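To start, the structure under review is shown below, and the notes come after it.
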Amino acid sequence: MLELYNTASRHQEPFEPVDGETARVYSCGPTVYDFPHIGNLRTFVLNDILCRYLAFKGWEVHHVMNITDVDDKTIAGALTQGVSLSEYTQQYTEYFFEDLETLNIKPAWKYPRATDHIKQMQTLIEKILDNGHGYEVAGNVYFDISSFADYGKLSGIEPEELGGGEYTRLDDEYDREDAGDFVLWKAAKPDEPSWDSPWGPGRPGWHIECSVMSMEYLGPTLDIHTGAVDLIFPHHENEIAQSEAATGQQFVRFWVHGEHLIVEGEKMSKSLGNFYTLRDLLKEGYSPQAIRHQLLTAHYRQQLNFTLEGLEQSERAMQRLNTFIERLPRLPLPQGSSKEAGERIDEARSNFEQVMDDDLNVPGALGVVFELIKDINTLIDAGELRDQDRVVLRDFLVQADSVLGLMTNQLEEAEREPALDEEIKALIAEREQARNDGDFARADQIRDQLTAQGIILEDTAEGTIWRRK
RNA sequence: GGCGGCGUAGCCAAGAGGUUAAGGCAGCGGUCUGCAAAACCGCUAUUCACCGGUUCGAUUCCGGUCGCCGCCUCCA
């Protein structure tokens with residue numbers, strides 16, 4: 001049974017969808033003001049693994065991820081570039097989707113945009129006001145945290161401490177009654193995009209967007225809400241307050257938070273010059289497969305120290321995986337099946353699910369896959385792998401990869417018919433003849449020529465097999 | 001100051017109160033090969049930051065020390 005660590009309880013708890021069929025998952029999506037960086041992408045990869053595994057467990061998955069396309073940063077960006085807000089956010093929204101596709105992240109069920117839900121936000125704010133949890137000051141609407149008894153429950157923050165102490169960052173921009181109160185609706189400033197509302201022209205606060213878009217598509221109670229740890233406070237705390245103040249029902253059953261990644265041991269930031277986007281890494285020649293793998297090497301609740309050396313290690317690990325997958329279908333194997341291979345694959349299948357059930361232990365799951373590869377290679381070397389084993393093995397790899405998403409392309413590619421040029425086939429045959437004749441100079445010449453074309457030859461006891469580089 | 005986490009081999013990283021402490025990368029030595037490639041075998045942590053405690057037994061639980069990181073209303 002799947003167990004997930006729930007930030008709300010600080011414990012790992014058995015999970016199943018409340019209705020037993022459909023897992024309703026909401027993830028905080030990007031604010032589309034810039035390219036996603038590698039840290040953002042780690043969180044999106046976590047969402048992906050979670051949703052893929054929920055599907056693996058047999059549930060329908062309704063995954064909603066919002067696009068925040070109106071906030072201080074997007075407004076400022078649009079102003080700087082001299083384009084409209086929607087033009088500005090549209091381009092970064094597209095970059096975001098491109099990056100998801102590059103990293104083999106499965107599309108969510110819905111990607112609602114904040115600006116398409118302004119009306120619903122106003123409705124929810126009115127509900128909050130009606131229920132006595134908010135107040136308006138000069139066109140700004142605030143949430144009154146003192147009216148919500150459970151405020152601070154998720155993050156463990158005491159409301160009394162907010163606004164006090166040396167870490168306060170309150171400014172005088174807004175007229176709040178209490179330092180901890182947060183804005184639901186912001187009155188428009190000159191030159192800012194705005195929408196009409198019962199409180200005058202303005203725009204929604206950031207937190208209200210997520211409450212509205214999650215409940216709009218998933219109902220008042222979500223099975224799982226994800227995000228990175230920095231969102232626990234204030235964002236998720238505020239979402240709970242708003243949503244439950246409006247509906248009177250539990251907002252989220254499981255809060256799943258991903259740890260940050262750091263770069264070369266330090267917090268990633270533009271000023272430190274250790275800020276990577278996916279595009280930066282691709283330009284350096286790293287493969288999307290290795291990047292995804294590197295993001296999966298640490299458990300999601302551990303900080304991941306992202307380094308270029310680590311990426312190199314992932315490249316090599318993926319090479320091992322790819323070589324295995326690509327040569328598997330071309331190995332000449334005797335008919336039948338072997339007991340030992342069957343047992344090993346069954347064991348891997350069961351271990352894989354067991355470690356993933358344990359709060360999505362992806363590094364453990366990778367260990368299971370690589371351990372199996374080693375065992376199967378040993379059987380191959382011993383001449384004990386049979387052709388039926390290969391079918392069962394491939395079935396397992398496909399199943400495991402429905403979760404990991406690391407070898408989708410390779411598995412498909414490997415199954416394709418060789419489609420080798422006649423010319424290449426002839427060269428391989430010629431090389432065979434040359435080797436038999438002892439003309440190794442000619443044989444090596446042909447091998448080098450094919451290597452240059454990206455075809456790698458391997459001489460096995462059963463004949464020469466090939467794979468692409 | 002408050003809250004959370006981490007410290008396992010050269011590097012990355014799982015892990016369990018007690019059989020051989022996964023797996024990947026790197027290294028060394030072999031096997032296979034005409035040579036390669038791929039793969040396999042062996043070696044690379046008698047030990048899990050340090051000090052106490054609980055226990056028949058702890059690296060795993062508890063307390064403390066040191067070191068590192070993150071959050072505390074921009075932040076994935």
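Source: prediction; values computed, not measured. Each chain gets a letter, A, B and so on, in the order the sequences are listed, and its residues count up from 1.
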>> For a quick check of understanding: with a heavy-atom distance under 4.0 Å over all strands, which category does A:R42 fall into, base, sugar-phosphate or nothing?
In response: nothing
> Base, sugar-phosphate alone, or nothing: which one does A:E371 contact when heavy atoms must sit under 4.0 Å apart?
Replying inline: sugar-phosphate
> So, the side chain of A:H133 versus the backbone of A:A241: is there a donor-acceptor pair under 3.5 Å, distance only?
Replying inline: no
>> So A:D459, base contact, sugar-phosphate only, or nothing? Heavy-atom distance under 4.0 Å.
In response: base
>> I need the CD1-P distance between A:I157 and B:C72, as an integer number of Å.
In response: 9 Å
> Looking across every strand, which nucleic acid part, if any, lies under 4.0 Å from A:R435 by heavy atom: base, sugar-phosphate, or nothing?
Replying inline: base
>> Measuring from the side chain of A:R10 (C-beta onward, heavy atoms only), which nucleotide among B:C12, B:A39, B:G4 has the closest atom?
In response: B:G4
>> By nearest atom, which of the nucleotides B:A76, B:G34, B:A13 is closest to the A:T31 side chain?
In response: B:A76
> Are A:R467 and A:E458 close enough for a salt bridge, meaning some N to O gap below 4.0 Å?
Replying inline: yes
>> Going by purine N1 to pyrimidine N3 plus the second Watson-Crick contact, or the G-U wobble pair, all under 3.5 Å, which nucleotide sits opposite B:C74?
In response: none
>> Applying a 4.0 Å non-hydrogen cut-off, can you work out what A:G265 is touching in the nucleic acid: base, sugar-phosphate, or nothing?
In response: sugar-phosphate
> With a 4.0 Å cut-off on heavy atoms, is A:L457 in touch with a base, just the backbone sugar-phosphate, or nothing at all?
Replying inline: base
> Taking the six-membered ring for Trp, are A:Y111 and A:F96 parallel (under 30°), tilted (30 to 60°) or perpendicular (over 60°)?
Replying inline: perpendicular
>> Check this for me: does any side-chain nitrogen of one of A:R390 and A:D387 sit under 4.0 Å from a carboxylate oxygen of the other?
In response: no
> If you find the nucleotide of RNA chain B closest to A:L41 and the one closest to A:I380, which residue's nucleotide is nearer the 5' end?
Replying inline: A:I380
> Looking at A:K186 and A:D71, does any basic side-chain N land under 4.0 Å from a carboxylate oxygen?
Replying inline: no
>> Looking at B:C6, which nucleotide sits across from it as a Watson-Crick or G-U wobble partner, both distances under 3.5 angstrom, or is there none?
In response: B:G67
> Which is true for A:D444 with a 4.0 Å heavy-atom rule: it touches a base, it touches only sugar-phosphate, or it touches nothing?
Replying inline: base
>> Of the listed nucleotides (B:G34, B:G23, B:A14), which one gets closest to any side-chain atom of A:P363?
In response: B:A14
>> Both distances below 3.5 Å, Watson-Crick or wobble geometry, any strand: find the nucleotide opposite B:C61.
In response: B:G53
>> Taking the minimum atom-to-atom distance to the side chain of A:D230, which one of B:G34, B:G24, B:A76 wins?
In response: B:A76
>> Using a 4.0 Å heavy-atom cut-off, does A:R442 contact any base of the nucleic acid, only the sugar-phosphate backbone, or nothing at all?
In response: nothing
>> Measure NZ/A:K374 against C1'/B:C40 and give the value in whole Å, please.
In response: 8 Å
> Considering only B:C40, B:A76, B:G5, which nucleotide approaches the side chain of A:N377 most closely?
Replying inline: B:C40
> Of the candidate nucleotides B:G24, B:G5, B:C41, which contains the atom at the shortest distance from the side chain of A:R320?
Replying inline: B:G24
> From B:A14, B:A37, B:G34, pick the nucleotide closest to the side chain of A:R467?
Replying inline: B:A37
>> What's A:L261 touching, base or sugar-phosphate or nothing? Going by heavy atoms closer than 4.0 Å.
In response: base
> Start at the 5' end of RNA chain B and walk down; is the nucleotide closest to A:R327 or to A:F440 reached first?
Replying inline: A:F440
>> Any base atoms under 4.0 Å from A:D381, or only sugar-phosphate, or nothing? Heavy atoms, all strands.
In response: base
>> At 4.0 Å (heavy atoms only), tell me whether A:H37 reaches a base, stays on the sugar-phosphate, or touches nothing.
In response: base
> Is a salt bridge present between A:R435 and A:D459, judged by a nitrogen-to-oxygen distance below 4.0 Å?
Replying inline: yes
> Is the charged tip of A:R301 near the ring of A:Y5: under 6.0 Å from the six-membered ring centre and within 45° of its axis?
Replying inline: yes
>> Checking base pairs now: Watson-Crick or wobble, both atom distances under 3.5 Å. What partners B:C35?
In response: none
> Heavy atoms under 4.0 Å, any strand shown: does A:G39 hit a base, just sugar-phosphate, or nothing?
Replying inline: base
> Counting side-chain heavy atoms from CB outward, which of B:A76, B:U73, B:G24 is closest to A:N40?
Replying inline: B:A76
> What about A:Q313: does its side chain form a donor-acceptor pair under 3.5 Å with the base of B:C11?
Replying inline: yes
>> Need one value for A:K267: base, sugar-phosphate or nothing, where a base atom within 4.0 Å counts as base even if backbone is also close, heavy atoms only.
In response: base
>> With a 3.5 Å limit on both atom pairs, tell me what B:U46 is paired to, counting Watson-Crick and G-U wobble, or say none.
In response: none
> When all nucleic acid strands are considered with a 4.0 Å heavy-atom cut-off, which category describes A:E266: base, sugar-phosphate, or nothing?
Replying inline: nothing
